[in-house]
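Quick notes on the structure that follows.
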Amino acid sequence: MIYLDHNATTPLAPAVIAAMLPVMAGVWANTSSQHGPGQDAKRRLAGARATVARVLGCHPGEVIFTSGATESNHLAVRGLLAAAPASRPRVLFSAVEHAGHLRLARALAAAGVPVDYLPVCPDGALDLAAAQKQIGPDVALVSLMAANNETGVLMPVAAVAALAHAAGALLHVDATQFIGKQPFDFATCGADAVSLSAHKFQGPKGVGALLLRQGVPLLPQTQGSQERGRRGGTENLPGIVGLAAALEALGDIPAEARRLTALRDQLERGLQAAVPGTQVWCQHLPRLPGTSYLRFGQLSADVVLQRLERLQVAASSGAACSSGASVPSHVLTAMGVSPDEALATMRLSLGATTTAQDVAYLLRELPPLLAPLRCEAPLSLP
Ligand code: PMP
């Protein structure tokens, strides 16, 4: 099977499995226990925290372990908002945040919180001029992703940090798709809080972190003594050790980014040459190295994915979290793309397991499978 869905999740790196297995088997005591085994578990936790802090450029006290990016995003937005002064009730989300994060935005709005959305331009880039107008003195928090999970577009984190801070607001960044694929340094990134998730960079599922700048007030959303009272609940030590091992195993990120960019560009150009009507969204914007978001004319993405399945290629239509539901991508909708074009769009996301042979195979096998489909009348879409 050729796996081209690395933005949905990634396989565990061998070094991660090697680090986790002995902890699962032997270091199972509670990190809060005072006895010897508990203290051993506590030391392992501290070691993993130190590794995360070193690799991501923050202080160990700035790392709050969570169950993944969804929880980190919730903790950041709800926790920072609850600690904000009453004169700053508003929160801004970009219109293209992850679907789960936008559910949180809608839940807050339904509960009476003033919520607004930062728009994107038709090309998929954040509309900075609009953002500048929207970030006013009543805003507590801006929540912006570092890289979009569908288009791969890199967002202007430093510029929005400057706008937010000039207005006295905080910036939360969902870096779930960014960390592991691009160099990252918390100390200089400009954000006050950053979400990450281990399973996007060859770590285990169900574990992540919120990096929170020292001194920034946050109200915990789950009560307990762990994580210095900021996130209660017995820590998932094997997962946390796996997260740290995955970060340590990342290697030369710029070199891997160059490799994936070259493969991605070769794939896109090859498909554009062989399949008339192929359109790659956001092709000319700075994007994540391995992400390709494209459509073949009006061919339904579901039909193309079925053909890919026959070729033993795993890919997805837009966000994995909404696959199965035939709703046009909210990201493309925010860009002003028609529902028909959005429903024809699919995502190929390359990663550590992707080889030049995989790309050659796809370029050889996919165009002939699509040719007869394109001769039929355009599929009527519901
Ligand atoms: N944010 C982004 C940008 C994502 O891509 C994802 C995963 N699809 C999430 C948040 C949610 O991450 P997790 O699975 O760790 O909750």
Side-chain angles (χ1 to χ4, degrees), residues 3-12 16 52 63-78 93-107 117-118 120 124 126 142-155 157 160 171-182 184 189 191 193-211 221-222 231 233 236 239-240 242-243 246-247 282 287-293 314-325 329-332 334 346-351:
Y3 184 73
L4 293 180
D5 204 12
H6 288 83
N7 284 14
T9 196
T10 56
L12 290 176
V16 171
V52 172
V63 180
I64 305 172
F65 289 116
T66 66
S67 64
T70 303
E71 186 192 334
S72 297
N73 286 346
H74 273 64
L75 175 57
V77 171
R78 286 195 184 274
F93 291 79
S94 94
V96 296
E97 291 303 297
H98 187 261
H101 204 39
L102 289 178
R103 280 182 186 233
L104 170 64
R106 289 194 292 273
Y117 298 92
L118 305 178
V120 292
L126 192 79
V142 180
S143 191
L144 172 70
M145 61 197 345
N148 187 268
N149 49 303
E150 297 185 22
T151 60
V153 167
L154 303 179
M155 295 293 168
V157 167
V160 174
L171 175 66
H172 162 249
V173 167
D174 177 358
T176 306
Q177 293 291 345
F178 188 91
I179 288 178
K181 301 185 181 103
Q182 297 279 280
F184 174 83
C189 76
V194 169
S195 301
L196 60 123
S197 185
H199 75 99
K200 303 292 185 179
F201 48 86
Q202 298 198 267
K205 289 158 191 52
V207 63
L210 180 69
L211 310 181
Q221 301 300 302
T222 44
R231 194 269 189 185
N236 166 12
I240 289 168
L243 187 161
L247 284 175
C282 311
R287 282 182 293 162
L288 288 174
T291 304
S292 187
Y293 205 38
S316 96
S317 61
C321 314
S322 58
S323 62
S329 144
H330 70 280
V331 176
L332 291 173
M346 51 171 288
R347 181 184 69 190
L348 302 173
S349 48
L350 292 59

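Just so you know, ligand 1 is whichever comes first in the structure, and atom 1 is the first atom listed for that ligand.
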Among [options], which one has a heavy atom closest to [atom]?
{"atom": "atom 16 (O) of ligand 1", "options": "Thr70, Asn148, Thr176", "result": "Thr70"}
{"atom": "atom 12 (O) of ligand 1", "options": "Ser67, Ala99, Ala69", "result": "Ala69"}
{"atom": "atom 2 (C) of ligand 1", "options": "Leu196, Asp174, Thr9", "result": "Asp174"}

Could you tell me which atoms of ligand 1, counted from 1 in the order shown, lie closer than 4.0 angstrom to a heavy atom of [X]?
{"X": "Ser197", "result": "13 (P), 15 (O)"}
{"X": "Met145", "result": "3 (C)"}
{"X": "Gly68", "result": "15 (O)"}

Open item on the list: Please verify the inter-ring angle class for Phe184 with Phe178; under 30° counts as parallel, over 60° as perpendicular, anything in between as tilted.
Closed with: perpendicular

Task: Part of His199 with heavy atoms under 4.0 Å of ligand 1, whether side chain, backbone, both or neither - done: side chain

- [ ] Select one of side chain, backbone, both or neither to describe which atoms of Lys200 lie under 4.0 Å from any atom of ligand 1, heavy atoms only.
- [x] side chain

- [ ] With sequence neighbours excluded, tell me which residues meet salt bridge (charged side-chain N to carboxylate O under 4.0 Å, His left out) with Glu71.
- [x] Arg231

Task: Residue list, side-chain contact (heavy atoms from CB on, under 4.5 Å) with Thr176, at least two apart or on another chain - done: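 By the side-chain contact (heavy atoms from CB on, under 4.5 Å) rule, Thr176 matches Ala69, Asp174, Ser197, Lys200.
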
Task: Beyond-backbone contact of Val77 with His172, side-chain heavy atoms, under 4.5 angstrom - done: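 The answer is yes, as the side chains (C-beta and beyond) meet within the 4.5 Å cut-off.
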
TODO: Please assess Asn236 against Ser67 for the test side chain to side chain donor-acceptor pair (under 3.5 Å), listing each intermediate value before the final yes or no.
DONE: CA-CA 8 Å; Asn236 166 12; Ser67 64; over 6 Å; no

Open item on the list: We want to know whether His199 and Thr10 form a side-chain donor-acceptor pair, criterion being a heavy-atom distance below 3.5 angstrom.
Closed with: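 No, Thr10 and His199 have no side-chain donor paired with an acceptor closer than 3.5 Å.
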
- [ ] Say whether Glu97 and ligand 1 are in contact under the criterion: heavy-atom distance to a ligand atom below 4.0 Å.
- [x]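 In this structure, Glu97 fails to qualify as a contact of ligand 1 - no heavy atom is under 4.0 Å.
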
TODO: Indicate yes or no for a side-chain donor-acceptor contact from His74 to the backbone of Thr70 under 3.5 Å, with no hydrogens or angles considered.
DONE: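 Checked: pair present.
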
